[in-house]
There are 2 protein chains.
Amino acid sequence: MRPAYQDIVDTITRRIASGVYRPGSRLPSEAQFCAEFRVSPMTLRRALNILLDQGLILAEKGRGTFVRPLGLTDCVFRLEDLEGGWVDESTSVRLLAASTTKASDRVAEKLALEPGSRVVYLRRLVLKGERPAMYHVEYVIFDPRRPLVESQLQITPLAGLLSGDRGNTFPRGTVTLRALSLSAEAARVLEEPVGAPALCLEHVFEDNERRPVSWGWFLLRADLFQLTARLGPEWQASQEVDRG
Amino acid sequence: MRPAYQDIVDTITRRIASGVYRPGSRLPSEAQFCAEFRVSPMTLRRALNILLDQGLILAEKGRGTFVRPLGLTDCVFRLEDLEGGWVDESTSVRLLAASTTKASDRVAEKLALEPGSRVVYLRRLVLKGERPAMYHVEYVIFDPRRPLVESQLQITPLAGLLSGDRGNTFPRGTVTLRALSLSAEAARVLEEPVGAPALCLEHVFEDNERRPVSWGWFLLRADLFQLTARLGPEWQASQEVDRG
DNA sequence: CAGTGGTCTAGACCACATG
DNA sequence: ATGTGGTCTAGACCACTGC
């Protein structure tokens, strides 16, 4: 059985999408909706809450509920549906280099360390089949007391890094996405011409106390990876199925 | 007064973030939570629902609720908090060209038209102060019966396009983000060297019947624009304020 | 079978906006 | 004062899992 609140969400969504309720206009009051859909206030409220944090409507206490005008900027891109497919059977990871070095000023700053502190320097190449797809460079704080480093040094952890568990620590941090041109070194590794465009996914991971633990970036070949989002209201068909 | 469900959300979030509840482990049952927080099942459920669609927990009917392990791929980028700022006082739009032409094969395909149909061809430059920041190219279906075109031809509508109302139609469509190198023409317009990196934001807008209405793309100078996201649990401090 | 998540009711009370 | 959104209760019933 399909939940009542879900039907309500879909119905209102459909009305917004088809222009029955126009952008900026006021929706019927909760009491009216309760009467129309024959549900209790709580159930109706739940439906509205869903629409609310989908960003489709806008509620103002004491005034009413309104259809929220949408714009391009309401787009959200999810890294999980990055085209090209992050991880499948044909994906493999090659560890190009792993060593400890002294942190440069830049690295020290990013990791909130004293310049010259020892850090682990990692370079990995992710391949789709035989084809280089991403290049990953990472600096990890070297601290024997923190067990994070061990899992970082494994060759396989990238799959785990991308989707789920990094040791047992809850992943935290900031991720930044930008465009850039490949440096000579990156171009060689990725088998692309120097200056070819790429997406750069820079990350700073933190521990539970929000102290930086690692800094690094993925370079994604622009011809293999892109992010897609849909804009505007969507709903699932109610698909009632008869079971004689 | 702060809602009870919000306090519950924050408390559980804090426990997850600090490692009291570890990734993958089972949370206390709803009945136990109800007892601990002294609330009715509905209120507790509401808190769990919020955590659920924040992606922080995972519920399995009949089995229990679990802490969801997160990974890099759980990142979500919102176009609205693109660094560089889309639209503020210093933003202006310059219409470089507006004309009607016959649709090329490529344009016709994107807009689901017969090749050779008439389309409106627009080129706009968005400046931050005196500095070129984005270059926008767009092809719009030319159909006198659809009033969309008029608002498209205005010089100002870009602000409206980015955040809210496009005529009165609800915005729908698909948006794709990728990296590329500037063509000679784009480089000239953006006052950048040829081949400089840029973010490309391609869009297809649709009408209420989901037929394509316009196709185009924004080129964003890579040195001015980037997207940032935070990964992991966040919560707002409960900040009770005395008003003696 | 008991335990767990999931939905729903029929009210109550509050805070806020408007006339 | 009225209407609006927002929160909350104290139960009930169902579906699913696992012993």
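A note on names: the letters A, B, ... follow the listed sequences, proteins ahead of strands, and every chain is numbered from 1.
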Derivation of the side chain to side chain donor-acceptor pair (under 3.5 Å) call for Glu138(A) and Trp217(A): CA-CA 6 Å; Glu138(A) 190 178 21; Trp217(A) 57 88; over 6 Å; no

Step-by-step side chain to side chain contact (heavy atoms under 4.5 Å, CB included) determination, Thr176(A) to Gln226(B): CA-CA 7 Å; Thr176(A) 302; Gln226(B) 61 183 27; 3.6 Å; yes

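Side chain of Arg46(A), nearest nucleotide from dT4(C), dT7(C), dC8(C): dT7(C). When each of dG11(D), dT4(C), dC8(D) is scored by its nearest atom to the side-chain atoms of Pro3(B), the top-ranked nucleotide is dC8(D). Residue Met42(B) places its side chain closer to dT9(D) than to any other of dG5(C), dG5(D), dT9(D). For Pro41(A), the listed nucleotide lying nearest its side chain is dA10(C); candidates were dG5(D), dA10(C), dT4(C).
Dashed line: the shortest gap from a side-chain N or O of Ser40(B) to OP1 or OP2 of dG11(D) is not under 4.0 Å. OP1 or OP2 of dG18(D) lies within a sub-4.0 Å distance of a side-chain N or O belonging to Arg63(B). The phosphate of dT9(D) (OP1 or OP2) has a side-chain N or O of Thr43(B) nearer than 4.0 angstrom. Residue Tyr5(B) has no polar side-chain atom (N or O) positioned under 4.0 Å from OP1 or OP2 of dC8(D).
The separation between Phe33(A) atom CZ and dT9(C) atom C1' is 20 Å, rounded to whole Å. Remark: C1' of dT7(C) and CD1 of Ile8(A) are 12 Å apart, rounded to the nearest angstrom. Atom CG of Asn49(A) and atom P of dT7(D) are 7 Å apart (whole Å). Distance Phe66(A) CZ to dG5(D) C1': 11 Å, rounded to the nearest Å. Rounded to whole Å, the distance from CG on Leu52(B) to C1' on dG5(C) is 10 Å. Across the protein-nucleic acid pair, Arg2(A) atom CZ and dA15(D) atom P stand 17 Å apart, rounded to whole Å. As rounded to whole Å, 8 Å separates atom P of dG5(D) from atom CG of Leu48(A). Atom CD of Gln32(A) and atom C1' of dG5(D) are 13 Å apart (whole Å).
Contacts of Ala4(A) with the nucleic acid, taken as non-hydrogen atoms under 4.0 Å apart, involve only primed sugar atoms and P, OP1 or OP2.
The residue among Lys61(A) and Val39(A) whose nearest nucleotide of DNA chain C is located toward the 5' end is Val39(A). For the pair Gln6(B) and Gly64(A), nearest-nucleotide mapping onto DNA chain D gives the more 5' position to Gly64(A). Summary of the strand contacts: Pro28(B) and Gly62(A) both lie near DNA chain C, and taking for each the nucleotide with the nearest heavy atom, the more 5' one is attributed to Pro28(B).
Side-chain atoms of Asp10(B) never come within 3.5 Å of backbone atoms of Asp7(B) as a donor-acceptor pair (strictly under, hydrogens ignored).
The side chain to side chain contact (heavy atoms under 4.5 Å, CB included) with Phe225(B) is formed by just one residue from the set Leu219(B), Leu201(B), Leu220(B); it is Leu220(B). If you run side chain to side chain contact (heavy atoms under 4.5 Å, CB included) between Leu51(A) and each of Val67(A), Ile12(A), Leu27(A), only Ile12(A) comes through.
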